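Take a look at the structure below.
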Amino acid sequence: MPKHFLMCRPDYFTVAYKINPWMHPEAGADRDVAVRQWEGLKSAYEELGHRVSLIDPIDGLPDMVFAANGALVVGGRVYGARFAYPQRGAEGPAYLRWFAERGYETHEARHVNEGEGDFLTLDEVILAGTGFRTDVVAHQEAQEYLGRPVISLSLVDPRFYHLDTALFALDGRNVAYYPEAFSAGSRAVLRRMFPDAVIATAEDAEVLGLNAVSDGTNVVVNSEASNLQLELKRRRYEVIPVELSELRKAGGGPKCCTLEIRGEN
Ligand code: ARG
């Protein structure tokens with residue numbers, strides 16, 4: 001089943017402030033390299049037969065390339081983002097407008113949440129992260145608006161500040177994750193829900209290997225996550241390695257650059 005993704009070209013990408021441990025503004029980042037790597041990710045999706053729509057980047061919003069944070073779209077309904085840090089505040093309304101202009105039903109969130117950065121949608125439930133960015137009350141708000149059960153998970157390691165840096169959906173029923181990023185209680189929940197999960201190593205997590213995008217057959221993953229790639233191949237997934245080292249300087253990987261538009265007409 002082809003997927004529909006929303007992406008944002010990193011035309012204004014830079015590391016201008018520090019809102020996660022990966023970001024070092026003094027070290028800088030090369031925008032041309034970032035754009036080239038991002039184009040590689042976009043082509044990878046298109047070659048797999050997925051559809052990519054684009055939102056115009058906005059000057060002065062260097063993290064807007066991380067489209068995953070822009071909203072959560074399930075069943076054609078758009079739950080808008082409300083960012084934790086003021087530096088990214090204007091991105092929420094920009095993404096919501098993109099959807100409203102195209103006829104989607106939209107909901108302006110009352111509570112702080114960073115879209116698909118902290119909400120990962122499976123067939124029956126939505127997994128939701130909290131601890132660094134998304135307010136746990138937003139989990140409830142999303143559940144009410146989308147009519148899907150939302151399972152709250154607590155993140156405990158600041159390097160893995162969004163759920164999508166520590167866990168990804170292999171398909172609608174199973175996940176891969178890095179246990180140490182979660183509280184003891186949340187780890188127990190994950191073990192119970194996903195006894196057959198792929199368990200990632202620290203090395204995989206430290207190159208943002210869990211920030212991957214799977215369509216159930218193909219997994220687009222950071223090229224450096226070698227243990228994870230081996231395990232995925234062992235399980236008969238097609239692995240598509242992508243190089244996004246420049247965007248990692250802002251704390252992002254393939255999934256961060258990708259907002260899935262689910263179930264529109
Ligand atoms: N610099 C961005 C931030 O800290 C990176 C966002 C990455 N996005 C994601 N979905 N994990 O907000």
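Not measured: the values here are computed from a predicted model. Values below: all heavy atoms of this structure, side chains included; hydrogens, waters and symmetry mates excluded. First listed ligand is number 1; within each ligand, the first listed atom is number 1.
- Take Ser186 and apply the side-chain hydrogen bond (donor to acceptor under 3.5 Å, both in side chains) test, not counting sequence neighbours, and it matches Ser183.
- Atom CD of Glu206 is surrounded by more than 12 heavy atoms from other residues, nucleotides or ligands within 6.0 Å.
- Contact detail for Gly252 and Phe66: the closest heavy-atom pair is CA-CE2, 3.6 Å.
- No close placement of the Tyr161 and Phe132 rings is indicated, their centers lying 6.0 Å or farther apart.
- For ligand 1, the protein residues placed under 4.0 Å by at least one non-hydrogen atom are Ile19, Asn20, Met23, Asp63, Phe66, Ala68, Asn69, Arg88, Gly117, Arg133, Tyr161, His162, Asp164, Thr165, Ala250, Gly251, Cys256.
- Under the 30°/60° scheme for interplanar angles, the aromatic rings of Tyr79 and His107 are found to lie parallel.
- Side-chain atoms of Thr134 and His139 form no donor-acceptor pair, as typed in the model, at a separation below 3.5 Å.
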